[in-house]
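These figures come from a predicted structure and were not determined experimentally. Counting from 1, the numbers follow the sequence of the chain as shown. Note that these values count all heavy atoms, side chains included, but never hydrogens, waters or copies made by symmetry.
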Amino acid sequence: MFNKFKASLPGFDITPLLKSLKESLTEQSGEALEPRDKPSCELVQVREGKLPAVFIINGFLSENNVCSKDWLDVVDELYPTNKVIRVEWKAGNLTDMVFDKGAVPNIPASRNGKLGFAAMVAARSTILGIASTVGAFVVDKVAGHWKRSFHETRHVASGLASYLEQQPEFENCILMGHSLGGRIVRHTLNELVRSNLVSVAYVFAGAVSSEDEQWQEVFEKHSQLKLINCMSKKDYVLKSAYKVGTLWDHEPAGLSPVMVQHIHTLNLDVTMYAKGHTEFKQKELGEYLKSELSLLEKDKLAMLHISD
């Protein structure tokens with residue numbers, strides 16, 4: 001595949017870009033993270049309510065990182081009276097990587113001032129397409145944006161795990177992560193010293209590996225954890241830009257099932273309700289989840305802290 005890129009771009013050396021992006025896949029261990037003067041995340045209470053608390057975690061392409069209204073459209077269908085806490089972090093934004101004005105020229109808007117987002121991503125998210133337009137200058141732009149957001153999830157997870165273990169009220173808490181927030185969910189579970197502190201984890205449009213070896217340790221440590229993984233076949237951001245950023249190294253959880261054989265995992269195809277990467281946090285999806293989960297046996301439903 002990459003030889004074809006090189007043949008198509010005889011004047012462009014793609015090797016530095018591939019090397020730089022490949023390095024971004026090598027994640028630091030928790031011990032290797034450099035300490036920071038300030039926490040990498042902040043917990044913001046969205047509302048009071050009963051326990052267990054629900055933690056909502058945004059990722060890239062979130063329309064508003066400091067607003068929780070879209071999350072509540074889902075949360076209120078499942079946990080209408082629970083305490084809700086937003087995990088704020090320096091998420092970065094995939095739009096910065098794909099649409100950086102210093103790297104990629106603007107695409108003219110359509111008649112109504114907007115261009116289909118999927119079309120824009122597709123046009124600008126292939127190495128061949130970008131490189132042929134802007135050449136080697138894109139190496140630092142693309143790799144730089146991706147690395148910052150990709151590696152920041154590890155710092156955030158370390159801080160979140162510390163917060164969770166310090167507060168007794170967070171026992172049996174519920175994590176919900178969208179996009180790179182799903183990566184933070186997995187990293188947080190890995191970072192936790194205490195087993196089964198998190199009772200339920202929801203991953204929406206997960207920008208995190210679906211491979212069993214990436215989740216096996218999580219379930220070995222947290223034997224009672226319940227994982228709900230929501231996927232959409234129309235998530236063109238994960239199909240295009242995410243795969244470029246990971247050099248097609250793995251299938252993301254937002255496109256592929258996680259730990260299919262595990263008794264405590266449930267993979268749901270929600271394409272009918274989420275027709276794009278940013279369309280998971282909405283009421284129709286919450287209603288669908290409630291109806292699907294309500295089909296579980298009463299004891300399993302209780303494990304999810306959902307009232308029948």
Approximate separation, where rounding is to 0.5 Å, of S40 OG and E152 CD: 5.0 Å
Heavy-atom side-chain proximity of L266 to L293 below 4.5 angstrom: yes
For V258, the option from V218, V203, N267 that meets side-chain contact (heavy atoms from CB on, under 4.5 Å): N267
All ring pair (Phe, Tyr, Trp, His ring centres under 6.0 Å) counterparts of H222, not counting sequence neighbours: none
Side-chain touch Y202/L268, heavy atoms, less than 4.5 angstrom: no
Hphob cluster co-occupancy, Y163 + W89, side-chain heavy atoms under 4.5 angstrom: yes
Q261, CD atom: more than 12 neighbouring heavy atoms under 6.0 Å: no
Aromatic ring proximity, centroids under 6.0 angstrom, H262 and F219: yes
For G59 against S179, the heavy-atom pair lying closest together: CA-CB, 4.1 Å
From CA spacing to verdict: side chain to side chain contact (heavy atoms under 4.5 Å, CB included), L304, L296: CA-CA 10 Å; L304 297 175; L296 297 174; 3.7 Å; yes
Side-chain (S209) to main-chain (Q214) donor-acceptor, under 3.5 angstrom: no
Rounded distance (nearest 0.5 Å) linking atom CD1 of I306 with atom CG of L78: 5.0 Å
Any donor-acceptor N/O pair, R183 side chain to A207 backbone, under 3.5 Å: yes
Check: W71 and H178 side chains under 4.5 Å, non-hydrogen atoms: yes
Q224 backbone acceptor or donor facing K226 side chain under 3.5 Å: yes
pair D269-K233: side-chain heavy atoms closer than 4.5 Å: yes
Closest heavy-atom pair and its distance - N229, S256: ND2-O, 3.4 Å
Side-chain donor/acceptor of S195 to backbone N/O of K221, under 3.5 Å: yes
Under-4.0 Å salt bridge between E169 and K83: yes
Exercise: identify the closest heavy-atom pair between S307 and K290: O-CE, 3.7 Å
Audit row: V208, W215, side chain to side chain contact (heavy atoms under 4.5 Å, CB included) steps and yes/no: CA-CA 10 Å; V208 59; W215 291 90; 4.2 Å; yes
Interatomic distance, Q282 atom CD to Y288 atom OH [nearest 0.5 angstrom]: 12.5 Å
Nearest heavy-atom neighbours spanning P257 and M231: N-SD, 3.5 Å
Nearest heavy atoms of N172 and H305, plus distance in Å: O-NE2, 3.9 Å
Reported CG-to-CG distance for the pair N58 and D70, which is rounded to 0.5 angstrom: 6.5 Å
Where F280 and V74 come nearest, the two heavy atoms and their spacing: O-CG2, 3.7 Å
Separation between CD of Q167 and CG of L197, rounded to the nearest 0.5 Å: 11.0 Å
Salt bridge (charged side-chain N to carboxylate O under 4.0 Å, His left out) between E287 and K283, worked out: CA-CA 6 Å; E287 291 174 340; K283 184 177 177 64; 3.8 Å; yes
Working for ring-ring contact (aromatic ring centres under 6.0 Å, His included), residues F55 and F170: CA-CA 10 Å; F55 289 80; F170 295 156; 4.9 Å; yes
Side chain to side chain contact (heavy atoms under 4.5 Å, CB included) between R194 and E171, intermediate numbers included: CA-CA 10 Å; R194 287 183 54 193; E171 183 80 30; 2.4 Å; yes
More than 12 heavy atoms from other groups under 6.0 Å of CG on L295: yes
Check: C230 and Y273 side chains under 4.5 Å, non-hydrogen atoms: no
Side chains of H277 and L238 in contact at under 4.5 Å (non-hydrogen atoms): yes
Reported CG-to-CG distance for the pair N82 and L51, which is rounded to 0.5 angstrom: 8.0 Å
Side chain to side chain, K69 and K281, heavy atoms closer than 4.5 Å: no
Transitive ILVMFWY side-chain link V44 to L164, under 4.5 Å: no
Non-hydrogen side-chain atoms of L43 and L160 separated by less than 4.5 Å: yes
Worked verdict on F204 versus L289 for side chain to side chain contact (heavy atoms under 4.5 Å, CB included): CA-CA 12 Å; F204 302 99; L289 288 177; 3.7 Å; yes
